[in-house]
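One structure is given here, and the rest of the page talks about it.
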2 protein chains.
Amino acid sequence: MGFGNVSERRSAPPQVGVSVVILALGPEHAEAQDDSGRSQLWLPLVRRVRQPFLGRWALPGGNLRADRSLEQSAFEALESTTALHPRYLEQLYTFGDPDRSHGGLPMVSIVYWALVEREEANGVDRGSDLADAIGRDDAGSDSSGDVSVRATADGDGNVRWFPEHDLPPLAFDHRAIIDYALERLRSKIEYSDVATRLLGPTFTLRQLHDVYEAIAGQDIDLANFRRKMLASGDLEDTGLKRREGRQRPAAVYRYVPRRPQDAGSAYAIDRAVKRDEDEPDTVDSALAALIPSARG
Amino acid sequence: MGFGNVSERRSAPPQVGVSVVILALGPEHAEAQDDSGRSQLWLPLVRRVRQPFLGRWALPGGNLRADRSLEQSAFEALESTTALHPRYLEQLYTFGDPDRSHGGLPMVSIVYWALVEREEANGVDRGSDLADAIGRDDAGSDSSGDVSVRATADGDGNVRWFPEHDLPPLAFDHRAIIDYALERLRSKIEYSDVATRLLGPTFTLRQLHDVYEAIAGQDIDLANFRRKMLASGDLEDTGLKRREGRQRPAAVYRYVPRRPQDAGSAYAIDRAVKRDEDEPDTVDSALAALIPSARG
DNA sequence: CCAAAAGTGTTTTGTGTACACCCATGT
DNA sequence: ACATGGGTGTACACAAAACACTTTTGG
């Protein structure tokens, strides 16, 4: 029990916190698309209310509690700052270089990344009205000088969505962290189901295709994409049809991995979500939630 | 909700430490090979000198210092416990579930993994002189970890190498952590130069081939392997010849990535190695050292 | 009937694998 | 010369890319 003499703080250990990079697709037909009409990734940022970097935009974050798993801490940070409900949550990296605090206390940040489905991102947080819901991209300018600090009041102003390609200046090394998260997303899309986490539980092949193009940032042959996806055997036809445009309706699919697969992260979410009462993690479950897939 | 950032700590934060999974190839012709005569991976463990898990084998570890980067802390932990000099060092994952301490204080362990080249691993340690290796405390344990414990420099018995497939019972969740590190190694071998880090700076294609087989745990067609490696364009013929067996000598190659590549980790090592005096990291360099490659 | 999107076929190109074979070297 | 490991050639299976084509739907 009391072996770790808490009293010994010799070379003062750094502070530790959690941050989360949250990603979602922008609204479908808004200006939330790039030149070529593709959807884009958007992410919510929060305005800092203290030094250093007071007034700048930063990643949502929170504290670590000794009685919570890291995942839970990340989930709570995400939820309490943005009121969002992620469909995917995975540890990204732990940052701790001494100088990243830029005047603050030395800080170790355990960073997670999360995916939120388009519907929720555009509905919940943008106040259910698409138009003004989306943080118009005066974003870039806004951050420029405005250091006004909204009251710590709940609702608004302190959280805003920005498109991946038009981020404001960020606090600390958060910009680089976001880039790293995007890189991770782009690589994981090739061998896991992350793409589906940006859509609802069911989707058409075209929708899925659009997600892939949004993330890859380039055109992908639709015919080949369709064949490849279907050949993977992980898509199950729900039998339903859904019309996106105004022409022929498309088949609706559901993602159903055949192998144990990358169940890790999905499980992680389930746990974080349904854990009201805590039951202790077993080492195994902790690890299960950890091991993302065959390819670390 | 006032914590849109990473700087405020309140409910008792957990302790934080660093641990390292160190991997190297076993000696060439010893029993360090599996049934089919393949080389195997070995790793050094340290014996715990306190509760919980007193007497059990565990990963080498150490403390975090607020004035050191995580990488440096990992490097120091590695060096001070095993006296080894890694050719590769990369962050693996951060573990922090509340129950992983099993009776100790809640503990967050930032785990790194490292590769040591066969020569050094076998030279320094195997055999009988564990000489300067010291049994320091590991992080997963009681962070209490005072750096002074290492004074028990009696020198040996506290560090020992074990083959991957014959590990003793381990403390905490260290067994699962090791498995995760092996998984990471097995996946990274496909798209980075990690394999070469288990050999010296130069090597023959057969040596490299053996490393791949050792890591994959299965036979790999030598002819195709050779072609694939040469086609990658990352191997440079040194013009030298080296005889492994007693027959025809083989061409000696050096790894020379053409693209910026996965320079991250190599750089990380360089930094850790040459840092006697500290110069502050820039955020950029920290990130450069971080981003392992195209595939997170 | 037309436009637009869903969905299919077919050819070409490239990559991985199996395995037969030749070459260089020391005994 | 011959055994051993170094090194090359080649044929086949299969997956990915390119792109022409057919089908279904709403106007």
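In what follows, chains are A, B, ... by sequence order, proteins preceding strands, each numbered from 1. Heavy-atom basis, side chains included; hydrogens, waters and symmetry copies ignored. For clarity, every value in this text was computed on a predicted model and none was experimentally measured.
With rounding to whole Å, A:Leu222 atom CG is found 11 Å from C:dT8 atom P. At whole-Å resolution of the value, CD in A:Gln247 and C1' in C:dA4 are 4 Å apart. Counting to the nearest Å, the P atom of D:dG7 and the CD atom of B:Glu244 are 12 Å from each other. Here the C1' atom of nucleotide D:dG6 and the CD atom of B:Gln207 are 13 Å apart, to the nearest Å. Rounding to whole angstrom units, NZ of residue B:Lys241 and C1' of C:dG26 are separated by 16 Å. With rounding to whole Å, A:His209 atom NE2 is found 13 Å from C:dA5 atom C1'. A:Leu205 places its CG atom 20 Å from the P atom of D:dT23, with the value rounded to the nearest Å. The distance from atom CD1 of B:Ile220 to atom P of C:dT17 is 10 Å, rounded to the nearest whole Å.
With distances taken from any side-chain atom of A:Arg243 to the nucleotides C:dA6, D:dA18, D:dT25, the minimum falls on D:dT25.
Remark: side-chain polar atoms of B:Arg118 are not paired, donor with acceptor, to backbone N or O of B:Gly200 under 3.5 angstrom. Remark: the backbone N or O of B:Tyr112 is not paired with any side-chain donor or acceptor of B:Gln91 at under 3.5 angstrom. Side chain of A:Ser232 to backbone of A:Met229: a donor-acceptor contact under 3.5 angstrom is found. Of the possible polar contacts, none joining the A:Arg242 side chain to the A:Val252 backbone as a donor-acceptor pair under 3.5 Å is found. Distance alone, capped at 3.5 Å, places no donor-acceptor pair between the B:Arg197 side chain and the B:Val116 backbone.
Between the base of C:dA18 and the side chain of B:Asn224 there is a donor-acceptor pair shorter than 3.5 Å. Put simply, the side chain of B:Arg248 and the base of C:dA24 share no donor and acceptor less than 3.5 Å apart. Remark: the A:Arg227 side chain and the C:dG9 base include a donor-acceptor N/O pair separated by less than 3.5 Å.
Heavy-atom distances to DNA chain C give each of B:Arg246 and B:Asp221 a nearest nucleotide, and the one nearer the 5′ end belongs to B:Asp221.
Side-chain N/O atoms of A:Arg226 include one lying less than 4.0 angstrom from OP1 or OP2 on C:dG7.
As judged by a 4.0 angstrom heavy-atom cut-off over every strand, B:Ala223 is placed among the base-contacting residues.
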